[in-house]
Amino acid sequence: MSSKTQRRYWLMKSEPNVYSFDDLLSEPDGRTPWDSIRNYQARNFMRDDMRIGDLVLFYHSNAKPPGVAGLAVVASEPYPDPTQFDPNHKYHDPKSTPDQPRWILVDVAPFDRLPRFVSLDELKSNPKLAEMQVCQRGSRLSIQPVKPEEWREVLKMAGYLGPALT
DNA sequence: GCCAACGTTGGC
DNA sequence: GCCAACGTTGGC
């Protein structure tokens, strides 16, 4: 009796000096809207492909070093990004209206800590992750799908043995 | 701070 | 619809 929906895995980038995994861990609501994304591919992933319960590699970009800092989980259905309607917001979109919102987001919640940070250097030097999107040159997309085998490999590199493996 | 990669904009 | 100019991302 199941419309069996496979859990998917994702990588979401954030600059830790703007919003870090620790910031997510200390959210009073236990979650945050993944707002201000203004890239159509990234939006489409949130709008069309993410499901509540999908797991996320929380990736620190523009960091020293860049890499995977923690595990998160998709925590809401898609809904319009409120920042697009705010004229004072940096990412206000004058072409967007509540009737016809252009930018859609999901909420993200912390799922688990990692025993250790896994740097981009380490990811790149693992032959099993040669095809992983974040390892590719010029990989700018801030939301990327992660294959199940890549997911398991990254968690293994982090020394992780918790529930995100199941 | 540099700059390669690449997405977006706008003139035509 | 092409494509040059421009802006942004993000590793280094």
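This is a predicted model, so every value here is computed, not measured. Below, chains carry the letters A, B, ... as their sequence lines are ordered, and counting in each starts from 1.
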Is it true that the side chains of A:Asp22 and A:Ser20 contain a donor and an acceptor less than 3.5 Å apart? no
Quick one: CG on A:Asp35 to CG on A:Asp107, what's the gap to the nearest 0.5 Å? 9.5 Å
For the residue pair A:Leu105 and A:Pro82, what are the closest heavy atoms and their distance? CD2-CD, 4.0 Å
Rounded distance (Å) that lies between atom P of C:dC12 and atom CD of A:Gln136: 13 Å
Return the value, rounded to whole Å, for the distance between atom CZ of A:Arg137 and atom P of C:dT9. 19 Å
Whole-Å gap separating P (C:dG11) and CD (A:Gln144): 10 Å
For DNA chain B, determine which residues of residues 34-50 of chain A have any heavy atom closer than 4.0 angstrom to one of its atoms, and list them numerically. A:Tyr40
Does C:dG11 have OP1 or OP2 under 4.0 Å away from a side-chain N or O of A:Tyr59? yes
Do A:Leu57 and A:Leu71 come within less than 4.5 Å of each other through their side chains, counting heavy atoms only? yes
If only side-chain N and O atoms count, and only distance matters, is there a donor-acceptor pair under 3.5 Å linking A:Asp112 with A:Tyr160? yes
Between atom CE in A:Met12 and atom C1' in C:dG10, what is the gap in whole Å? 17 Å
Here the pair of heavy atoms bringing A:Asp93 nearest to A:Trp103 is OD2-NE1, 2.8 Å
Within the 4.5 Å heavy-atom criterion, are A:Arg38 and A:Gln84 side-chain neighbours or not? yes
Touch check for A:Lys124, heavy atoms < 4.0 angstrom, all strands: base, sugar-phosphate only, or nothing? sugar-phosphate
Measure the distance from CG on A:Asn62 to C1' on B:dA5 and round it to the nearest whole Å. 14 Å
Atom pair distance, as rounded to whole Å: NZ in A:Lys13 and P in B:dG7: 12 Å
Over how many whole Å does the gap from A:Asp93 atom CG to B:dT8 atom C1' extend? 13 Å
Tell me the interatomic distance from A:Lys64, atom NZ, to B:dG1, atom P, rounded to whole angstroms. 11 Å
Side chain of A:Pro66 only, please: which of C:dG11, C:dG10, C:dT8 is the nearest? C:dG11
